[in-house]
Amino acid sequence: MKKIHVVVHTHWDREWYFSDNEAFIQFSYHMDEVIYALENNELDYYYLDGQLSIIDDYLKVYPEKEAKIKALVEANQLFIGPWYTQMDEFVVAGESVVKNLQIGIDMSKRLSGHTALGYLPDSFGQGKDMPKIYNGFGISDAVFWRGMPNEVTNSREFYWTAEDGSKVLTINIRNGYYAGVALVEGELYQKKAILDIVSEDSATDIVTLPVGGDQRAVDRDLKAVIQKVNKEFGAEYQIEESNYPHIFNLLREKTTELPIVQGEFISGSVSKIHRSIYSSRYDLKKLNDTIENRLIFQLEPLMLMADDLGIPFKRELLNYIWKLLLKNHAHDSIGGCNTDKTNEMILARYKEADQLSYSTIDYLVRKISESIKEIKENDLILFNTLPYTRTDPYVLEVSTKYADIKLFDQANNEIDSQILSTEKVYAGEVRRSEREYDEAKYYYIHKVSFIKKTRPLGYTIITVKEEVNSNDSAISFNTEEKLIENDYYEILFSQGKFSILAKNQDKTYEDCLYVEESGDEGDTYDYSPAYHDKIHQLNFDTTNVIVESGAFLSTMTLKGYWSLPKDLQARKTGELNAQVDYTFTVSLSKNSKRIDMNIKLNNQVMDHRMRLVVKTPVESQVSYADTLFGIAERKNQDPHIQDWQKLGWKEEPTEIYPMIHYSNLHDDVSSWTIMSKGIKEYQVIDSSLYITLFRGVGFLGRPELLRRPGDASGNQYRSIPTPDSQLLGKLEMALSLIIADEFDPVMIQKEYQRYSVTSPYYQIQTLNRFTNPIQYFQSNKVDQLNDLKEFTDLSNVSLVFSALELSRNGQWINIRLYNPSLIKTISNEKITLATETNCRFVDLNGDTLELLGQLKEVSLGTFQPGEIKTISIER
């Protein structure tokens, strides 16, 4: 006899085709009903979707309900946490996932504790790193629905492992988290049918049946329903109210019967997986990427430095900004598959998090800089918030009274520099006519590049000296020979095409960069080719080319336009009745392994997709991309690309894949990597990397897509236009290409951090009060700055640095490192501290795993492939 464990729950999308405000009104009444049902024995247990953000919102309005919630949690009736929001796993940073759990678990503690369950029932696929993240928080059980193909295992219960040996006992929900609604609402035959379905591929006699759904009201008559069904089908099934901790305790007694699986699950064979959601609303994903990097690699390290110096660490402020961002990481929110009204509110949260995060950085660098003893006018303070020594070129702006400048270090040695641009600006009161301006009130803003070695988590001071007619232009303009170069590359543009000489390989790659444009008759969930499509290969056919060569930065800028069909009707008839203006800039920095690219578009075309194509010589059947804490290897051609419809799959398994920061194609001879700032999707076709710049579509969901037959996703009963998702207007994309002899994921991630993380700086000057908005406000100096503590240098460590955290009690600095390799074990790595200090290993939540004692040289031990470790150093 099968025992059916009914888990009563709700799945609460914070927002979707409704706004979070609309959902909150429903939840404010729903939560009251949950409390009543549990207190009055209408239900034994209730699982509140594994996320705390909805309770956070509720208690801000109804703080008096906290005691009731706490009592129900203590009584093991109400199950909460561990997440702050139900997040996506493929387009956010690994540290965002960690922060999501840290904040959710901290909130749960105030409410008597969290359910130690990796619960993500509706995320669009499951990332391969989740078992090790769960284990890092003491979580050994997981529940999910989407992405699991039948061909991996026929059992809904299994052990899910990661390459480092982490594992979680997992339940893969059959037919979705809403399957059990049929038990409550269905006819008698439908009740029997769902019991048969969920039981048929269960490895044991313990069967899980979730009863609940999106924003579903409390099923107050559930006990009567269960009693009736037991009476009807008691010879075959025994049904009882249950909860996930109880179910997993029972499953653990059946471990010998459970299979073991490993990897990521992004298959659309049994459920829609929406593999091209990674490119919906690129504009929002770009903002997310910017704020994530700022919080992880700039703000928290800078706040820690400031705390050392005597400016208190404001954890509440940091967490407030993180919560704004995490609310946007809910799987629909970050996916962009929402109404325009909802996306406007998501954008508003991004703007708030953006302003709060950069304003905090602006305040701290100013406060520190102005408080430095013996600081003087025109001193320029450079901050390094990474645990590496920075020797890459700075690019920054300084304001001076005169048009010519030189830079000097603290020993008064001149620093070689390159003036990229100079702008003359008026500092007096604005008048209608510039003829009334006083010439004495003008000043100059210089964009300058130079190299100044800066120690990890430290700052250095240089001085800007104004000269008279002393600084010749450091840039040579060459519009005849369209070529730029550095130590690693020579890039030539001729007749609309690029060729790249990789100097280390002594190989030239011809016609290796262009843009592809095609129709997109999909929706905010899925790309799908237009029914009447034409693919355009767009070269850069323009004579408007400007080459600027300098000692530290050389650029080639192309300006032109492409003629394209304006909409699906024009695409059908073959008209080219729209113009997309572009500016494409390729940059090479001194000593850089990267080819940096910037693309600005004025998109005037609807229902289409644009991709950057990078032609490579690589011969490989697989590609690679970074994941939350590692890399994934993926097939360039899905084995079921031809027979998926015959097999009854939910959508075509087009080889469209997610990337968080980079994608890679390599073989034994050559490695090609594309990094991006906010672009999250790639595909490999015939040895070329296709990077989705953006796609624009006009509906939340459309039915009968070529790639996804059947009902529309999102809302099957109403066609919801989303004109904002067409992304008409100005767009900007930033990418970078690395061509190397071999694939080195550690080098790539370090290079990505240098690429994406700029160094904050501050100039002591009063000419320009608009370097940032808050400079308008007065700020008191710190009476006496403490000495900035020397930090360990991770430049030569063969591991990826992931985060620098201040422990909750403020006594420890936590440094997170991981080994991204799929196969390589890393041993004998050490870090050297400035002084002998107490050290320990902690888990992802910051709880002690092992005390190491007082050390100056810290052995990090062995890192298995994919393994994450956090070393904690006493302050």
Side-chain angles (χ1 to χ4, degrees), residues 93-94 128-129 163-164 297 386-392 486-489 500 502-507 509 512 588-589 591-597 614 616-634 636 657 659-677 682 684 687 689 691 735-757 793-802 816-831 860 862-869:
K128 61 185 283 293
D129 300 314
E163 60 267 27
D164 70 335
F297 298 120
L386 290 175
Y388 314 127
T389 298
R390 293 202 78 153
T391 56
D392 48 320
N486 68 358
D487 293 339
Y488 289 89
Y489 305 103
I500 299 175
K503 294 182 178 180
N504 286 357
Q505 299 177 347
D506 194 26
K507 291 182 181 178
Y509 301 99
C512 54
L588 293 175
S589 294
N591 300 328
S592 177
K593 300 175 182 178
R594 304 190 318 264
I595 301 170
D596 295 340
M597 295 172 282
V614 182
T616 85
V618 174
E619 297 181 3
S620 177
Q621 302 303 310
V622 294
S623 63
Y624 300 83
D626 66 329
T627 61
L628 297 170
F629 288 98
I631 54 175
E633 179 184 280
R634 296 166 177 144
N636 296 338
Y657 293 123
M659 58 189 240
I660 296 178
H661 300 131
Y662 75 82
S663 56
N664 171 275
L665 199 56
H666 70 268
D667 55 21
D668 294 337
V669 177
S670 185
S671 171
W672 291 60
T673 302
I674 280 283
M675 303 185 298
S676 79
K677 299 178 182 179
Y682 78 99
V684 174
S687 296
L689 276 164
I691 310 297
L735 307 99
S736 193
L737 170 64
I738 296 176
I739 304 173
D741 293 333
E742 61 182 4
F743 176 50
D744 183 349
V746 174
M747 178 275 289
I748 291 170
Q749 283 289 11
K750 287 185 177 182
E751 199 63 49
Y752 171 77
Q753 290 171 10
R754 294 186 187 97
Y755 171 56
S756 63
V757 181
D793 191 337
L794 302 180
S795 299
N796 297 318
V797 174
S798 299
L799 299 161
V800 174
F801 159 72
S802 181
R816 190 140 42 250
L817 301 161
Y818 68 94
N819 172 15
S821 175
L822 286 170
I823 57 174
K824 181 181 177 182
T825 298
I826 296 177
S827 304
N828 303 319
E829 285 292 341
K830 298 177 182 179
I831 58 175
L860 300 178
T862 298
F863 278 73
Q864 298 298 326
E867 187 171 5
I868 312 165
K869 290 186 182 181

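- Using a 4.5 Å cut-off on side-chain heavy atoms (C-beta onward), Tyr488 and Asn504 make contact.
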Test side-chain contact (heavy atoms from CB on, under 4.5 Å) applied to Ser802 and Phe629, step by step: CA-CA 8 Å; Ser802 181; Phe629 288 98; 3.3 Å; yes
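- Here the straight-line distance linking atom CG of Leu799 with atom CD1 of Ile826 works out to 4.5 Å at 0.5 Å rounding.
- Side chains of Glu867 and Glu163 form no contact here, defined as non-hydrogen atoms less than 4.5 Å apart.
- In this structure, the separation between OG on Ser687 and CD on Glu619 is 6.5 Å, given to the nearest 0.5 Å.
- In this model, a donor atom of one side chain and an acceptor atom of the other lie less than 3.5 Å apart for Ser623 and Tyr682.
- Relative to the ring axis of Tyr755, Lys677 places its NZ or CZ within 45° and under 6.0 Å from the centre.
- Across all their heavy atoms, Met659 and Ser676 have their closest contact at CE-OG, 3.6 Å.
- Atom NZ of Lys830 is surrounded by 12 or fewer heavy atoms from other residues, nucleotides or ligands within 6.0 Å.
- Looking at Gln753 and Tyr388, their side chains do bring a donor and an acceptor atom within 3.5 Å of each other.
- Taking a cutoff of 4.0 Å between a charged side-chain nitrogen and a carboxylate oxygen, Arg594 and Glu751 qualify as a salt bridge.
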side-chain contact (heavy atoms from CB on, under 4.5 Å) between Met675 and Tyr752, intermediate numbers included: CA-CA 7 Å; Met675 303 185 298; Tyr752 171 77; 3.6 Å; yes
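- Taking CG from Asn664 and CG from Leu689, the interatomic distance works out to 7.5 Å, rounded to the nearest 0.5 Å.
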Full working for side-chain contact (heavy atoms from CB on, under 4.5 Å) between Arg816 and Ile868: CA-CA 7 Å; Arg816 190 140 42 250; Ile868 312 165; 3.6 Å; yes
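- A donor-acceptor pair is defined here as one N or O able to donate and one able to accept, closer than 3.5 Å; such a pair exists between the side chain of Asn486 and the backbone of Ser592.
- Every residue two or more places apart in sequence or in another chain that forms a side-chain hydrogen bond (donor to acceptor under 3.5 Å, both in side chains) with Tyr624 is listed here: Glu633.
- To the nearest 0.5 Å, the span separating CD1 on Ile631 from CG on Leu822 amounts to 4.0 Å.
- Aromatic pair Trp672/Phe743: centroids not less than 6.0 angstrom apart.
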Pair Gln864-Asn819, side-chain hydrogen bond (donor to acceptor under 3.5 Å, both in side chains): steps then yes or no: CA-CA 7 Å; Gln864 298 298 326; Asn819 172 15; over 6 Å; no
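- When all heavy atoms of Pro745 and Pro820 are compared, the pair lying nearest together is CB-CG, 3.9 Å.
- Using a 4.5 Å heavy-atom cutoff, the side chains of Val669 and Lys507 are in contact.
- Distance alone, capped at 3.5 Å, is enough to place a donor-acceptor pair between the Asp667 side chain and the Ser670 backbone.
- Side chains of Asn636 and Ser620: no donor on one and acceptor on the other come within 3.5 Å.
- Using a 3.5 Å distance cut-off with no hydrogens or angles, the side chains of Ser798 and Glu829 do pair a donor with an acceptor.
- Rounding to the nearest 0.5 angstrom, the gap separating the NZ atom in Lys593 from the CG atom in Asp392 is 12.5 Å.
- For the pair Leu860/Ile831, a side-chain contact is recorded, criterion being any heavy-atom separation below 4.5 Å from C-beta on.
- For the residue pair Pro865 and Thr825, the shortest heavy atom distance occurs at CD-OG1, 3.6 Å.
- For the pair Asp487 and Lys503, the minimum side-chain heavy-atom distance is 4.5 Å or more.
- Put simply, OG1 on Thr673 and CD1 on Ile748 are 3.0 Å apart, with the number rounded to the nearest 0.5 Å.
- For Asp793 and Ser795, the side-chain atoms include at least one donor-acceptor pair closer than 3.5 Å.
- Cation-pi check for Lys869 over Tyr818 is not met; the charged atom does not lie both under 6.0 angstrom from the ring centroid and within 45 degrees of its normal.
- Residue pairs meeting the salt bridge (Lys or Arg N to Asp or Glu O under 4.0 Å) criterion with at least one partner in residues 736-745, sequence neighbours excluded, do not occur; the list is empty.
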CA sep, side-chain torsions, deciding dist, call: Leu817, Val800, side-chain contact (heavy atoms from CB on, under 4.5 Å): CA-CA 5 Å; Leu817 301 161; Val800 174; over 6 Å; no
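- At least one side-chain heavy atom of Ile500 sits less than 4.5 Å from a side-chain heavy atom of Ile739.
- The nearest pair of heavy atoms linking Tyr489 to Ala502 is CD2-CA, 4.2 Å.
- Considering only heavy atoms from C-beta on, Met597 stays 4.5 Å or farther from Ser736 through its side chain.
- Residues Leu588 and Ile595 have side chains in contact (heavy-atom distance under 4.5 Å, counting atoms from C-beta outward).
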